[in-house]
A.B. asks: 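Mind having a look at this structure? Questions to follow.
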Amino acid sequence: MARHGDTSYRLHKVVVAAGTPIDHHTIVAWRRGAKTPQTAASLKVLALIEHRYRLVPGYFSARMRQGGAIRGQTTVALSTSESRRLAWHLPDDFSSRSATERAEILHWVRTRIVSGGTEYRRYQSDMSRHRFGFRFDGNGASWLQAPPQLATEMAALKRFKSSTLTDIGFERSGVWGEATATQRTEHLALMFGAMAAPADGEVRGLGASAETLTLAFLVFPAVWDWYLQWREHRRGFYTGWESEMLLLAAAFMRERTGWLRQNPAFADRLTPLPGLVTESDIEEARLNWDSVCDMGHRHAISRAREVQRVARIHRDPFEPILPILEAQSPVGEYRKIADEVLLRMPNERRYPRAAAETVRSFLMVRLGLHLGLRQKNLRELLIADRDQIPRTERELEALKRGELRWSAREAGWEVFIPCAAFKNADSAYFSKRPYRLVLPDLGGLYAMIDRYLARDRPALLAGASDPGTFFIKTVKVSSRNAAFTQSGFYEAWRLIIQRHGIYNPWTGRGAIEGLMSHGPHSVRDVLATHVLKQTGSYEQASYAIQDTPATVAAHYGRFLPQDKAALAAKVLNQVWES
């Protein structure tokens, strides 16, 4: 403006004369740095100013470090929530494009970014609209709450499988950890929710009375056959999930240690289920509970084998991250996401909370890549500042959590996790010893940790109660709990991938072309595959994710024949190079 002899009043007059209304005070605020353009209309004003001063198109927008997406771009009818989700992924000139191009962009963003891209993700999105699974935690809609009898039985089952010592007179085989108990509860909640769902509704359930449902129904083969057929009809094929449920049922009915087997009094709670359980079936169960359990056990084992024979894989865990796994250096490829996060960091002075969320996103990706932890261990990681005394191993073992603390001996940030905090605590990897790793001070990691603890984490906390974990949610007026839930942490990671990981050809943002939305667990696949490509050793790959070589081979490593051949050729070619 100074170079062209413009004042704010003169520039405002020129812009308005060009047919773009704008308040004079807005230009003054832009000059002073009090505000930055955040709407599609503001970008049109910038384009006019660029033309007036003979600057290249996009000169100003390329220099802006925004705190959010451009607002007011969509000219199609969208709900408020969808408009908010889509705004980040639309180009700045979206509203000025043709209707055909706008439709193409919206379709690409919806299918490739928002909905997840994979067939399983689309299926999951469709099915999640039909809520039918019971809730045993007291949360959710009232009509989804488990009936009292079923809730009492489930609480007794969890206590039996999770308590340190069994009740006198009972025997058990195996103990459920917290994560396993939650997972098993969810699976049974879905089954009984399907049984209670109306037969003529969207779910097409059994239509049983919720008040009459009891875990004792699990001993009847007809109930399991109905549920298996219902699952197959709903999904289109059988998966390993049904086989695991059958094996769970068989364990409940196992002689001597089965929980249902040791509770014959449950037979008194049975009532007929039309077409599945008759009065004569119930009478037989009351007279000879052991015999009915034996029959149910044999049936569950037999059906599990049949399902395993025809089961198909519905969710390929490698599909969303294939472009990364196919790279020569998967970790180096995934690191591009962390670099992209920093590249898009907004101005901290103008947008302190958005900047704090950006630093949190960067640290989530970096710590995920360095540690290879499961989501639960990363989400529940506690923090001890440099001037704090770290918690003892016994304290952390009681909490079943790890801690990020400053190690004076190593002069670095150390992650310390007792083996009891891990899902596979009994694995040979740990040998009853704690996990300990000093983070490397590479790529500005320590500087970002110090900044996060000093400025960004307090900004996210906003005076709310501190849960003590390293990663916390953004506290808002509507939600004062700063602790991440399992689903909340997953969605936070997925948002990072959507905004910074997936390359968007319409905006030029995003680090990796062809990437799809995924959660934090995928990082374990990346680490295992990277080590396999570099060393060919399943054992060394297992070290990266605190597991066993067999588990890596079965679930995590994508080590194809061409990768093996390339690794061998690397050694053999040294003969010719010499």
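This chain uses plain numbering: 1 for the first residue, then up along the sequence.
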A.B. asks: Rounded to the nearest 0.5 Å, what's the gap from CG on D93 to CH2 on W506? Could you check?
C.D. replies: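 With rounding to 0.5 Å, CG (D93) is 10.5 Å from CH2 (W506).
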A.B. asks: Is a donor on one side and an acceptor on the other found under 3.5 Å between the side chain of R360 and the backbone of I472?
C.D. replies: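 Such a contact is found between R360 side chain and I472 backbone.
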A.B. asks: Check whether the side chains of N377 and Y435 place a donor and an acceptor atom closer than 3.5 Å, and report yes or no.
C.D. replies: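 No pair is found: no donor N or O on one side chain lies under 3.5 Å from an acceptor on the other.
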A.B. asks: List the steps and the verdict of side-chain contact (heavy atoms from CB on, under 4.5 Å) for N504 and W108.
C.D. replies: CA-CA 9 Å; N504 186 336; W108 189 91; 3.7 Å; yes
A.B. asks: Tell me the closest heavy-atom pair linking V523 and G368, and the distance in Å.
C.D. replies: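 Here V523 and G368 meet closest at CG1-O, 3.3 Å.
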A.B. asks: Do F132 and E202 have side chains that get closer than 4.5 Å, going by heavy atoms?
C.D. replies: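 Answer no - side chains too far apart.
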A.B. asks: Does R509 make a cation-pi contact with W88, if we ask for NZ or CZ under 6.0 Å from the ring centre and within 45° of the axis?
C.D. replies: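 Flagged: R509 positioned over aromatic ring of W88.
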A.B. asks: Is a salt bridge present between R457 and D466, judged by a nitrogen-to-oxygen distance below 4.0 Å?
C.D. replies: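 Yes, charged N to carboxylate O under 4.0 Å.
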A.B. asks: Is K336 salt-bridged to E340, cutoff N-O under 4.0 Å?
C.D. replies: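 Between E340 and K336 there is no salt bridge, as every charged N stays at least 4.0 Å from the carboxylate O atoms.
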A.B. asks: What I want to find out is whether D547 reaches R374 closely enough, with some N-O distance under 4.0 Å, to be called a salt bridge.
C.D. replies: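 Yes.
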A.B. asks: Within the 4.5 Å heavy-atom criterion, are E348 and R455 side-chain neighbours or not?
C.D. replies: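 The answer is yes, as the side chains (C-beta and beyond) meet within the 4.5 Å cut-off.
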A.B. asks: Decide if atom CD of Q183 counts as having more than 12 heavy atoms of other residues, nucleotides or ligands within a radius under 6.0 Å.
C.D. replies: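 Yes, CD of Q183 has more than 12 neighbouring heavy atoms, counting only those of other groups under 6.0 Å.
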A.B. asks: Are any of the side-chain heavy atoms of L460 and E357 separated by less than 4.5 Å?
C.D. replies: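 With C-beta onward as the side chain, the pair touches.
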A.B. asks: Does atom CZ of R335 have more than 12 heavy-atom neighbours from other groups under 6.0 Å away?
C.D. replies: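 Counting other residues, nucleotides and ligands, CZ of R335 stays at 12 neighbours or fewer.
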A.B. asks: For H24, does the NE2 atom have more than 12 heavy-atom neighbours from other residues, nucleotides or ligands under 6.0 Å away?
C.D. replies: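 Enclosed: over 12 neighbouring heavy atoms sit under 6.0 Å from NE2 of H24.
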A.B. asks: Calculate, to the nearest 0.5 Å, the distance between atoms OG1 and CZ belonging to T185 and R135 respectively.
C.D. replies: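 CZ of R135 is found 11.5 Å from OG1 of T185.
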A.B. asks: Should we say atom CG of L442 is surrounded by more than 12 heavy atoms from elsewhere, each under 6.0 Å from it?
C.D. replies: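 Check passes, neighbour count above 12.
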A.B. asks: Hey, mind stepping through D456 and L363 against side-chain contact (heavy atoms from CB on, under 4.5 Å) and telling me if it holds?
C.D. replies: CA-CA 11 Å; D456 300 307; L363 290 174; over 6 Å; no
A.B. asks: For atom NZ of K44, decide whether the heavy atoms of other residues, nucleotides or ligands shown that lie under 6.0 angstrom number more than 12.
C.D. replies: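 Result for NZ/K44: open.
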A.B. asks: How far apart are the C-alpha atoms of L439 and I449, what are their side-chain angles, what is the distance that settles it, and do they pass the side-chain contact (heavy atoms from CB on, under 4.5 Å) test?
C.D. replies: CA-CA 11 Å; L439 296 172; I449 291 176; 4.2 Å; yes
A.B. asks: For a ring-ring contact (aromatic ring centres under 6.0 Å, His included) check, start with the C-alpha distance between F94 and H89, then their side-chain angles and the critical distance, and finish with the verdict.
C.D. replies: CA-CA 10 Å; F94 177 82; H89 310 289; over 10 Å; no
A.B. asks: If we ignore hydrogens and angles and just use 3.5 Å, is the side chain of R524 paired with the main-chain N or O of I545 as donor and acceptor?
C.D. replies: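 Present.
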A.B. asks: I would like to know whether I417 and L437 meet side-chain contact (heavy atoms from CB on, under 4.5 Å); could you show each step before the answer?
C.D. replies: CA-CA 9 Å; I417 309 176; L437 180 72; over 6 Å; no
A.B. asks: What distance separates I113 CD1 from M516 CE, expressed to the nearest 0.5 Å?
C.D. replies: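 Going from the CD1 atom of I113 to the CE atom of M516 covers 11.5 Å.
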A.B. asks: Would W241 and H187 count as a ring-ring contact (aromatic ring centres under 6.0 Å, His included) if you check the C-alpha gap in whole Å, the side-chain angles of each, and the deciding distance to 0.1 Å?
C.D. replies: CA-CA 9 Å; W241 192 93; H187 291 174; 4.9 Å; yes
A.B. asks: Near Q562 CD, under 6.0 Å, is it more than 12 heavy atoms from other residues, nucleotides or ligands?
C.D. replies: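 Counting other residues, nucleotides and ligands, CD of Q562 exceeds 12 neighbours.
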A.B. asks: Are R97 and E101 ion-paired here, with the side-chain N under 4.0 Å from a carboxylate O?
C.D. replies: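 E101 and R97: salt-bridged.
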A.B. asks: With salt bridge (Lys or Arg N to Asp or Glu O under 4.0 Å) as the test, would you mind laying out the steps for R386 and D450 before giving the verdict?
C.D. replies: CA-CA 9 Å; R386 290 189 183 223; D450 291 337; 2.9 Å; yes
A.B. asks: Quick one: are W493 and L378 in side-chain contact, heavy atoms under 4.5 Å?
C.D. replies: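 Counting from C-beta outward, W493 and L378 do come under 4.5 Å.
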A.B. asks: Under the 3.5 angstrom rule, does the side chain of E333 hit a backbone N or O of P323 as a donor-acceptor pair?
C.D. replies: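 No; zero donor-acceptor contacts below 3.5 Å.
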A.B. asks: Hey, could you give me each pair passing ring pair (Phe, Tyr, Trp, His ring centres under 6.0 Å) that has a residue in residues 315-338? Not counting sequence neighbours.
C.D. replies: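 Sorted result for residues 315-338: Y334-H518.
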A.B. asks: What heavy-atom pair brings L11 and Y53 nearest, and what distance separates the two atoms?
C.D. replies: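 Distance-wise, the nearest heavy atoms are CD1-OH, 3.8 Å.
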A.B. asks: Rounded to the nearest 0.5 Å, what's the gap from CD1 on I324 to CG on L515? Could you check?
C.D. replies: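 Nearest 0.5 Å value for the CD1-CG distance: 4.5 Å.
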A.B. asks: Would one find more than 12 heavy atoms of other residues, nucleotides or ligands at under 6.0 Å from atom NE2 of H107?
C.D. replies: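 Not more than 12 within 6.0 Å, no.
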A.B. asks: Check the orientation of F136 and F134. Use parallel for under 30°, tilted for 30 to 60°, and perpendicular for over 60°.
C.D. replies: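 It falls in the perpendicular class, over 60°.
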A.B. asks: Using 30° and 60° as the class limits, which term best fits the ring planes of F471 and Y452: parallel, tilted or perpendicular?
C.D. replies: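 Geometry flag for Y452 against F471: tilted rings.
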A.B. asks: In Å and rounded to the nearest 0.5 Å, what is the CE to CZ distance from M448 to F362?
C.D. replies: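 Rounded to the nearest 0.5 Å, the CE-CZ separation comes out at 5.5 Å.
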A.B. asks: Does OH in Y9 sit with more than 12 non-hydrogen atoms of other residues, nucleotides or ligands closer than 6.0 Å?
C.D. replies: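 Count not over threshold, so no.
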A.B. asks: For the atom pair CG (D563) and CG (L532), what is the distance rounded to the nearest 0.5 Å?
C.D. replies: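 Going from CG on D563 over to CG on L532, the span is 8.5 Å.
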A.B. asks: Which heavy atom of A459 sits nearest to which heavy atom of A356, and what is that distance?
C.D. replies: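 Closest pair (atom of A459, atom of A356, distance): CB-CB, 4.2 Å.
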A.B. asks: Within 45° of the axis and under 6.0 Å from the centre of the six-membered ring of F484, does NZ or CZ of R379 qualify?
C.D. replies: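 Output no; distance or angle outside limits.
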A.B. asks: Have R350 and T36 got a donor and an acceptor in their side chains that come within less than 3.5 Å?
C.D. replies: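 No, T36 and R350 have no side-chain donor paired with an acceptor closer than 3.5 Å.
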